[in-house]
Amino acid sequence: MRLLVTFARRIHKRPLYTPTSCLSSAASCSGAATNSGLQFRDDQLVCGSTGELVQRLRGQVEVSAEIESAARACCGTVDIAIHGYRETERAQWGAVCEGVMDRLRAVAFSEGSPLLGPVHVLDLDKAGYIKPHIDSVKFCGSTIAGLSLLSDSVMRLVREDEPAEWLNLFLPRRSLYILRDQARYKFTHEILKDDESLFSGQRVPRHRRISVICRNLPV
Ligand code: OGA
Ligand code: MN
């Protein structure tokens, strides 16, 4: 399965992104208490190059800040990270985690949508980060749903054919994000490295981060 995950990534070379404050670009921010002390409401967790873009992708990009404590149990299943990142895939979970996965699937995927069997677990070191990429259309379907654990982080979406169009998602630790349709196919996504980790002009310190990612299958 590691191979699948490797192939599932299409890394895009792009000119370096010039950071722009969400607020200074008149972006709309659509929020939560976090380990960095940043406070955003649930409707403030997404901001972007323009308010119009944020509106247009509403429904295709979702972030929910507070997931119930049971999700924390998932962290216990992953070993300590030693490098920039390591990853694994898990088909079977203990009862508590299975319950969390069931809830996640119910929220993110429509009933009967065939899912990629194993769940992908990615363990990013404090210095680790995820480069801009679009998940493989060959292996993965229209929806990507991830639990973001241990550390707050910033996910950036950039439109592949129009880099001026971007969204930043503030992912508090213990949040759930969902990318669908255009947000998943037309925009690259990435997790910013610690020294670039800014949301709405505010620094979001990145620590070790574990994500648990569910995907559906292409139709
Ligand atoms: C990936 C990915 C996002 C995350 O593994 O393809 O984009 O939340 N992960 O870790
Ligand atoms: Mn991805």
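Counting starts at 1 for both ligands and their atoms, following the listed order.
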Open item on the list: How close do A183 and V61 get, counting heavy atoms only, and between which atoms?
Closed with: CB-CG2, 3.5 Å
Task: L115 side chain reached by L217 side chain, heavy atoms, under 4.5 Å - done: no
Open item on the list: Quick check: of its N, O or S atoms, which one does H189 have closest to the Mn ion (ligand 2)?
Closed with: NE2
Open item on the list: Heavy atoms only, cut-off 4.0 Å: how does K131 contact ligand 1, side chain, backbone, both, or neither?
Closed with: neither
Task: Identity of the N, O or S atom of D135 lying closest to the Mn ion (ligand 2) - done: OD1
TODO: Heavy-atom contacts with I213 under 4.0 Å: which atoms of ligand 1 show up? List them by number with element.
DONE: 3 (C), 4 (C), 5 (O), 9 (N), 10 (O)
- [ ] Taking S148 for its side chain and S175 for its backbone only, find out whether a donor-acceptor pair lies under 3.5 Å.
- [x] no
- [ ] List every atom of ligand 1 that sits less than 4.0 Å from any heavy atom of Y177, numbering the atoms from 1 in the order shown and giving each element.
- [x] 3 (C), 4 (C), 8 (O)
Task: Any donor-acceptor N/O pair, R90 side chain to Q92 backbone, under 3.5 Å - done: yes
TODO: For atom 7 (O) of ligand 1, state which one of H189, M155, E190 supplies the nearest heavy atom.
DONE: H189
Task: Proximity of I144 to ligand 1 by residue part, where a heavy atom lies under 4.0 Å - done: neither
Open item on the list: Are N168 and V46 packed together at the side-chain level, in the sense that at least one heavy-atom pair is separated by less than 4.5 angstrom?
Closed with: no
- [ ] Have a look at ligand 1 and work out which part of D135, if any, has a heavy atom under 4.0 Å from it: side chain, backbone, both or neither.
- [x] side chain
TODO: Taking all non-hydrogen atoms of both residues into account, name the closest pair between S197 and V154 and its distance.
DONE: OG-CG2, 3.7 Å
Open item on the list: Restricting to non-hydrogen atoms, name the atom on A108 and the atom on A145 that form the minimum distance, rounded to 0.1 Å.
Closed with: CB-CB, 3.5 Å
TODO: Could you list which atoms of ligand 1 come closer than 4.0 Å to a heavy atom of S211?
DONE: 4 (C), 8 (O), 10 (O)
Open item on the list: Heavy-atom contact check, 4.0 Å cutoff: does E87 meet ligand 1?
Closed with: no
Task: Atoms of ligand 1 close to H120 [distance to a heavy atom under 4.0 angstrom, numbered from 1] - done: 5 (O)
Task: Polar side-chain atom of R156 near backbone of T188 as donor-acceptor pair, under 3.5 Å - done: no
Open item on the list: So, 4.0 Å and heavy atoms of R209: is ligand 1 close enough to count as a contact?
Closed with: yes
- [ ] Give the numbers and elements of all ligand 1 atoms closer than 4.0 Å to a heavy atom of R215.
- [x] 1 (C), 5 (O), 6 (O)
TODO: Quick one: look at I130 and ligand 1, take heavy-atom pairs under 4.0 Å, and tell me if it's side chain, backbone, both or neither.
DONE: side chain
Task: Nearest heavy atoms of R184 and C140, plus distance in Å - done: NH2-O, 3.0 Å
